[in-house]
There are 2 protein chains.
Amino acid sequence: MTAVSGDGTPPEDLGITVQASIYDVAKAAGVSASTVSRVLSGARSVRPESAAAVMAAVEELGYRPNQLGRALRRRSTQAIGMIVPRVDNPFFPSVVQHTEEYLRLQGYALLLCTSNDDPGIEAQRLDMLTERQVDGLLISPCHQTRSLPAVRRAAERIPLVQLDRSVEGETYDFVGVDDAGGIRQLITHMRSLGRWDIAYVGGDRGNWSGAQRHTAFLAALDGSEPDPERVLLASFSERWGREAAERLLTSPTPPDAIVCGNDLIALGVLSAAARLGLRVPQDVTVSGYDDISMAVLAQPSLTTVRQPVEELTRQAADLLLARITEPGREPCTLTLPTQVIVRGSTCPTHADEGPLHAGGAADGVPGVHVAR
Amino acid sequence: MTAVSGDGTPPEDLGITVQASIYDVAKAAGVSASTVSRVLSGARSVRPESAAAVMAAVEELGYRPNQLGRALRRRSTQAIGMIVPRVDNPFFPSVVQHTEEYLRLQGYALLLCTSNDDPGIEAQRLDMLTERQVDGLLISPCHQTRSLPAVRRAAERIPLVQLDRSVEGETYDFVGVDDAGGIRQLITHMRSLGRWDIAYVGGDRGNWSGAQRHTAFLAALDGSEPDPERVLLASFSERWGREAAERLLTSPTPPDAIVCGNDLIALGVLSAAARLGLRVPQDVTVSGYDDISMAVLAQPSLTTVRQPVEELTRQAADLLLARITEPGREPCTLTLPTQVIVRGSTCPTHADEGPLHAGGAADGVPGVHVAR
DNA sequence: ACCGTCGCGGAAATCGATTGCCGTGAATCA
DNA sequence: TGATTCACGGCAATCGATTTCCGCGACGGT
């Protein structure tokens, strides 16, 4: 059955050769397909001669098992699907890198997709991965509410864990960071430097991070009046940071500090400040969020909030594996602590001079780390 | 056969519900599985009443076809595997983004993997994707020679196209850019500014881009002596750029221009220069390669070589689709032209002042574009 | 009235691998 | 010696969807 070659015609070598199936191996080794399967999987003991014959045939034919057939029968693809909003924000590649590495050690392959911050594309990807029978899903939903229907649909069929961002209106497993705490710490830091007129440039409130950080900013201002001119929201991009900073810094009453929704925005702000001839941190202090690798290289280097990426991905992966083995468990939410990294964009004493490879030193405030 | 529920026990709703198969739909609709398949695929005409019954059952059961079964039978997964060396170099995310978008329009899903610049991991990923029966592979091999065995093994079974980087020793379809031409243009540009003592800071020669660009730099120097102190090779990272620049610029005879192997290196160089109190471009000019989005925001903005990413991905995807439909065709190599983007890091007259959103203007030299 | 044709539906084979079940022969034990 | 266990191998069912082949009834043409 299902013999593959030997139909009389010469091989006619054209690039791609037909794949040998387990039956071809069985025939070449003079055993049954069951035996081949058992040799390869080690599921049951096999006579050494048979095993040797099988291995020889595998080698000879260059046999590689078809994971489609295996997955169909086993009801497990040993693959995890992952969906992140963007890959041009360095934070997510970093998350992806760690996740892939960790899951590989657990014997899973990672299938990565991008939603491009579009709930429609995200839903397509979610459906695609579901139909391809991944064993689990990791997702940073691109929108708090508009992502919900597709996330719900997927979670009904497949173990799903959210990381870094979450949807609202239903609770699924979620590993995030203390976004609000990070912002609060930053504000405290700014005020300790004598900065009281603090502006906020953030992403839109559609996604979790944007909403959390903005809300935290407003809350941290408690006493002060929330001047609408001081709070600008649009997108998590350098371009927006630049544009917003231009608006803020050319106004008659510019703020003396700018807290940004993430590092990309902050880099845009630094760019605009430099262009306008303003000195950072003397004229205005600036902070970011995420601690991407560019942050330490910026001019000046960027004060920011570091998310514990490795911990984040490990916890999310563990949560997913737990839900795979035990689908009925209660949804659980983990919030990891963040850490403020103080650099030159807020602290002149840490401006970018001195040896390039100096280490940092804690300055006594819990959760605040002074670098370089 | 394969009835799914109705075994007497109550539903016992725990998170995940069992997936309905095409047979469940058939039973609910009172037709055969063949008919369900035909309704869903539109392969053959079906009586309207049957079709309606099927659609109702699909809706009712929330049926989603299992792509594993479909792919097994159809011998096509409608998925393309892609492997890039890193995702923390913004150039590749950009390539990925465009590729995914284009392939989606052609009805393919993209499964993305990262090799982390490690030929061993790359080989694993290649095998994994091959065993999962992707219809084609797109790869930027992380190493010119060490990637060859795994690439060969994969290409023997599945249509494969290389993009941006290639292996050596065997020719497979490849879409790249004129790396050498870009470097030559940069050198010409530097010399036209009166800079003759040009240093090169690049990635290692293990991968295609590193080797091409380094070789081109040496070749462009023809007359001049290739001072080994002036050519530093290690990795395509900001960190390396910073370290190398520190070495170059603190030497007794610093160069008056630094050509970098990519933008990340160049950003590191700018960072080191600023820290050492050197002015760019007055004291030293700096150029990058790739035109990542940070390049325009750097202080000063970065002169660089733009790769035609969209064209690159479109051509690579088209080549792959062509090879899928016609596996026997001759391997083909495409080399796309690059374009130098002149910005503030080489040209003081284009320093970063003026309106933020100004467009650029061509300065008459072919292939050279003066931005902002 | 008879014979093709057409529309439509279903049974069954198929894709590739896994696994429950049974059979066979050898070894062990009473 | 006869019974029981054990090691090992193969048959066939199975996962879920597609597709070939065939059958049935209706319809049109002569």
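Letters A, B, ... are given to chains in the order of the sequence lines, protein chains preceding strands, and every chain is numbered from 1.
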Enquirer: Among C:dG9, D:dA17, C:dT19, which nucleotide sits nearest the side chain of B:P65?
Expert: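 When the side chain of B:P65 is considered, D:dA17 is the closest of C:dG9, D:dA17, C:dT19.
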
Enquirer: In the structure I gave you, are the side-chain heavy atoms of B:V84 and B:V87 within less than 4.5 Å of one another anywhere?
Expert: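 A side-chain contact under 4.5 Å exists here.
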
Enquirer: In terms of side-chain heavy atoms of B:A33, which of D:dC15, D:dT18, C:dT18 is nearest?
Expert: D:dT18

Enquirer: Do B:S37 and B:I22 have side chains that get closer than 4.5 Å, going by heavy atoms?
Expert: yes

Enquirer: Would you indicate which nucleotide in D:dT19, C:dT18, D:dC8 comes nearest to any side-chain atom of A:R70?
Expert: C:dT18

Enquirer: Any idea which of C:dA17, D:dC8, D:dT18 is nearest the A:S21 side chain?
Expert: C:dA17

Enquirer: Atom pairs under 3.5 Å, N or O on each side, protein against nucleotides 20-22 of chain D: can you list them with distances?
Expert:
residue : atom : partner : partner atom : Å
D:dC21  : N4   : B:R44   : NH1          : 3.4

Enquirer: Whole angstrom is fine here: how far is it from OH in B:Y23 over to C1' in C:dA13?
Expert: 10 Å

Enquirer: Taking atom CD of B:E310 as the centre, report whether more than 12 heavy atoms of other residues, nucleotides or ligands fall under 6.0 Å from it.
Expert: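 No, not enclosed.
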
Enquirer: How long is the line joining CZ of B:R75 and P of C:dA17, in whole Å?
Expert: 10 Å

Enquirer: Could you check how far CD of A:Q19 sits from P of C:dA17, rounded to whole Å?
Expert: 9 Å

Enquirer: Could you give all pairs that pass the salt bridge (Lys or Arg N to Asp or Glu O under 4.0 Å) test and reach residues 317-329 of chain B, with sequence neighbours left out?
Expert: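 Passing the test, one end in residues 317-329 of chain B: B:D173-B:R323, B:R314-B:D318, B:E326-B:R329.
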
Enquirer: What integer distance in Å separates A:R47:CZ from D:dG9:P?
Expert: 5 Å

Enquirer: Considering only heavy atoms from C-beta outward, does the side chain of B:L137 approach that of B:M82 to under 4.5 Å?
Expert: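 Sidechains of B:M82 and B:L137: no contact.
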
Enquirer: Choosing from D:dA17, C:dG10, C:dA17, which nucleotide comes nearest the side chain of B:T35?
Expert: C:dG10

Enquirer: Take the protein atom CD1 of B:I22 and the nucleotide atom C1' of C:dG9, then report the distance between them rounded to whole Å.
Expert: 14 Å

Enquirer: Just by modelled atom types, is the A:R86 backbone N or O under 3.5 Å from a matching donor or acceptor in the A:T114 side chain?
Expert: no

Enquirer: Which heavy atom of B:S140 sits nearest to which heavy atom of B:E122, and what is that distance?
Expert: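 The pair with the smallest heavy-atom distance is O-OE2, 3.8 Å.
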
Enquirer: Measure CG/A:D24 against C1'/C:dA17 and give the value in whole Å, please.
Expert: 13 Å

Enquirer: Provide, to the nearest angstrom, the distance between the CG atom belonging to B:N66 and the P atom belonging to D:dA17.
Expert: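 Interatomic distance, CG of B:N66 to P of D:dA17: 5 Å.
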
Enquirer: Reckon B:S37 has a side-chain N or O less than 4.0 Å from the OP1 or OP2 of D:dT18?
Expert: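 Yes, within the criterion.
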
Enquirer: Rounding to an integer number of Å, can you tell me how far A:R64 CZ sits from C:dA17 C1'?
Expert: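 Distance check: A:R64 CZ to C:dA17 C1' gives 15 Å.
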
